[in-house]
Amino acid sequence: MRAKRTVALALAGILSMASLAACSSSNSGANGSKSSTSVLNVGMPNGPQTENNNPFVNTSAARQSGYMRAIYEPLVMYNEVKTSDNTKPWLATKWEWSDNYRKLVFTIRDNVKWSDGQPLTADDVAYTFQLLRDNPGLNIDSVKYKDISASGNQVTLGFDGSQFVYQKKILEQIIVPKHQWSTFGAPATETVKNPIGSGPFTLKSFTPQTATLVAREGYWQEAPAVKEIRYTSYNDNQAQTTALATGQAEWSFVFIPNPQAVYTSKDPKNYKLWFPGVLGIHGLIFNTKIKPWDNKYLRRAVNMVVNRDDIFTQGEAGYFYPKVDNITGIPTPNGDPFIAPEFKDKKTAIDVAGAKKLLTDNGFTYQGDKLVDPAGQPVTLKTIVPSGWSDYVTNLEIIKDNLKGLGIDSTVDKINQDAWGKAIDTGDFQATLHWTNNGITPYDIYQSIMDGALYKPIGQGGINGNYGRYENPAATAALNSFANAADEASRTTAMNELQKIFVDEMPAVIHSAASVGGQYSTKNWVGWPDEQNSYAPLQPTQENALDIIMRLKPAGS
């Protein structure tokens, strides 16, 4: 899964008290009516939606708003927030890997029915995987499924190579009914007007603003206390934040630059936020094919002067993306078990003098206070960023100021998102902030930054990872060793090697962890995950959202 930035991060707004008051009167969930204990209001800042209930399409309304999570169910729930407590049976009661993660056998739960009353069987599960194998447009995780079969209540999957690094994606696969999907002529473009799922809710109505779901009869678990869920798509971050502050929305994932002033202070008892970090990151990605940024000592020197505390408190408002300060770039505490012994407790610290010495010891010089590269050219850095991504803009401005201490003149070029995407795709940039995939180990971080299999030369588009065009056969070999290792000791050896290469080469300056958090209200509903009970990621569009809905109880009940 990729920790995506969406419009939720793109626009930041400051709310006026007048706008807050204007919206508060329409909050059905906070006015003491009967619906306040039966309706859950979820919001996302995605703007008007076109009805598309296809759960496999990244841009569908069902996926963007998150309501697919209440209709369709996965085989297994995986808790990214707490990797030591990480799997929960759902449609599968048991699963067993063998042959070094080349074979997987699921045991499918009995007595589960689809929302149209037909039984969910192992054939449905096998069909879902066949659908992904035979339709690359639906297989958004690009898992290479091969042999698929069903017998009784078991489904067996066979692969050509180890799926250790893909296991989370496979276990979390949502399942669709064969009797409906086999009638679709073009599944990748099918909008699924009448979604049939095994989850506890069905789609009642859809408008460009709100999808309404209602609880159904015959669900295999105890019926949820929530009887209706309204997923509203607000126009932008400001509108979404207003809805949270007035109680119109009770659950969301949105960047609020000053949450205490415009959100939590409106109801300190009930308005909460929690943004736990996971094993994915955000950082400064260098184009390692453009001089002088092909020089590892220069990249390492930059890493030594970036102020991560300022990025966390100013750019990320003290909560949104947690700070990463281990020199390996691995987020802690989730990543603690993976950090090599020599890098335990080795945190980044601002060291301008040390960075200058590193540079002058390796061919760089100074003309006055300006840094000059070994070829005799002044060192400058031009970074690019989408103009509306306020946290990224602030982070780059902080880095720009930090680089002054090294004698590097830097600019922050704010461009539109489309131009930024094209520049990244073709390699037409010196540096930018970007994110990586996240997963159950730091493999996804390093693979996103250093995998030679993802490398494409400057000018060639269609890139999906390794945006910095980093080439190092040793890193690619270590990634392959980790992914295909036959035992834990071999995986540890490969992971330690990846950290050693990353620290020495520093192809990216990692400063923040990806997060799967959100804002929530305890005024009408309690049972949310939080720092003390981190049973699931809080983001309403994530895989575990249904687990959260099932645990919610009316406040005061």
Side-chain angles (χ1 to χ4, degrees), residues 3 80 82-84 86 97 100-102 161-169 277-286 288 296-297 299-304 306 308 322-349 351 354 358 435-455 465-466 468 470-514:
E80 281 189 83
K82 199 173 180 180
T83 53
S84 60
N86 53 21
W97 290 96
N100 189 26
Y101 292 90
R102 290 184 176 85
S162 172
Q163 299 300 302
F164 178 81
V165 297
Y166 293 106
Q167 56 182 306
K168 176 177 178 291
K169 296 177 174 65
V278 294
L279 291 178
I281 61 89
H282 295 254
L284 183 68
I285 307 290
F286 300 103
T288 60
K296 69 177 184 181
Y297 298 106
R299 299 193 299 262
R300 281 167 52 179
V302 171
N303 187 62
M304 295 168 70
V306 167
R308 290 164 172 82
K323 181 178 70 171
V324 174
D325 58 5
N326 186 274
I327 195 167
T328 63
I330 295 176
T332 57
N334 251 358
D336 282 338
F338 304 100
I339 296 177
E342 65 264 42
F343 299 128
K344 296 277 187 192
D345 302 320
K346 191 163 185 179
K347 295 184 177 181
T348 57
D351 182 5
L358 176 67
W435 58 91
T436 67
N437 290 342
N438 52 299
I440 59 175
T441 74
Y443 168 87
D444 298 76
I445 296 173
Y446 292 138
Q447 193 254 353
S448 296
I449 296 172
M450 300 195 293
D451 191 355
L454 301 176
Y455 171 79
N466 195 358
Y470 179 73
E471 282 188 293
N472 186 329
T476 304
L479 286 165
N480 287 333
S481 295
F482 184 88
N484 296 289
D487 54 65
E488 202 57 41
S490 299
R491 271 189 285 275
T492 299
T493 299
M495 180 56 65
N496 291 351
E497 176 66 11
L498 285 167
Q499 294 171 55
K500 184 178 177 183
I501 294 170
F502 180 84
V503 171
D504 182 58
E505 292 274 321
M506 205 59 68
V509 172
I510 294 171
H511 54 70
S512 302

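Worth saying up front: this structure is predicted, and the values here are computed from it rather than measured.
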D345 atom CG, neighbour heavy-atom count above 12 within 6.0 Å | no
Can you measure from CG (L279) to CG (D444) and round to the nearest 0.5 angstrom?
-> 8.5 Å
Apply side-chain contact (heavy atoms from CB on, under 4.5 Å) to Y443 and R491, showing your working.
-> CA-CA 10 Å; Y443 168 87; R491 271 189 285 275; over 6 Å; no
So does K296 have more than 12 non-hydrogen atoms from other groups sitting under 6.0 Å from NZ?
-> yes
What's the spacing between I339 CD1 and I327 CD1 if we round to 0.5 Å?
-> 11.0 Å
From OG1 (T288) to CE (M450), nearest 0.5 Å | 11.5 Å
To the nearest 0.5 Å, what is the distance between CD1 (I445) and OG1 (T436)?
-> 5.0 Å
Return the minimal non-hydrogen interatomic distance between A508 and I285, and the atom names on each side.
-> CB-CD1, 3.8 Å
Intermediate values then yes/no, side-chain contact (heavy atoms from CB on, under 4.5 Å), L454 and Q447 | CA-CA 9 Å; L454 301 176; Q447 193 254 353; 3.7 Å; yes
Minimal non-hydrogen separation, A494 against S481, with atom names | CB-CB, 4.0 Å
Is D336 paired with K344 through a side-chain N to carboxylate O contact shorter than 4.0 Å?
-> no
A483 and S162: which non-hydrogen atoms are nearest, and at how many Å?
-> O-OG, 3.2 Å
Less than 4.5 Å apart, any side-chain heavy atom of M495 and any of Y446?
-> yes
Give the minimum heavy-atom separation between D451 and A453, together with the two atoms involved.
-> OD1-N, 2.9 Å
So, N484 side chain and N480 main chain: donor-acceptor pair closer than 3.5 Å or not?
-> yes
Evaluate the criterion side-chain contact (heavy atoms from CB on, under 4.5 Å) for residue pair V503 and R300; output intermediate values, then yes/no.
-> CA-CA 8 Å; V503 171; R300 281 167 52 179; over 6 Å; no
If you take all heavy atoms of A513 and V278, which pair is closest and at what distance?
-> CB-O, 4.1 Å
Ring geometry between F164 and Y101 (parallel below 30°, tilted from 30 to 60°, perpendicular above 60°) = perpendicular
Report yes if the side chains of F502 and I510 come closer than 4.5 Å at any heavy-atom pair, otherwise no.
-> yes
Within the side chain of T328, is there an N or O that forms a donor-acceptor pair under 3.5 Å with the backbone of Q499?
-> no
Given side-chain contact (heavy atoms from CB on, under 4.5 Å), test F338 with L498 step by step and report yes or no.
-> CA-CA 11 Å; F338 304 100; L498 285 167; over 6 Å; no
What distance separates D325 CG from R308 CZ, expressed to the nearest 0.5 Å?
-> 7.5 Å
Quick one: does I330's side chain get under 4.5 Å of F343's, heavy atoms only?
-> no
Does the side chain of V306 reach to within under 4.5 Å of the side chain of L284, using non-hydrogen atoms?
-> no
Out of curiosity, Y166 OH to I440 CD1, how far, rounded to the nearest 0.5 Å?
-> 12.0 Å
Return yes if some donor-acceptor pair links the side-chain N/O of R299 with the main-chain N/O of M506 below 3.5 Å, else return no.
-> yes
Looking only at heavy atoms, what is the nearest atom pair of I449 and P507, with distance?
-> CG2-CG, 3.7 Å
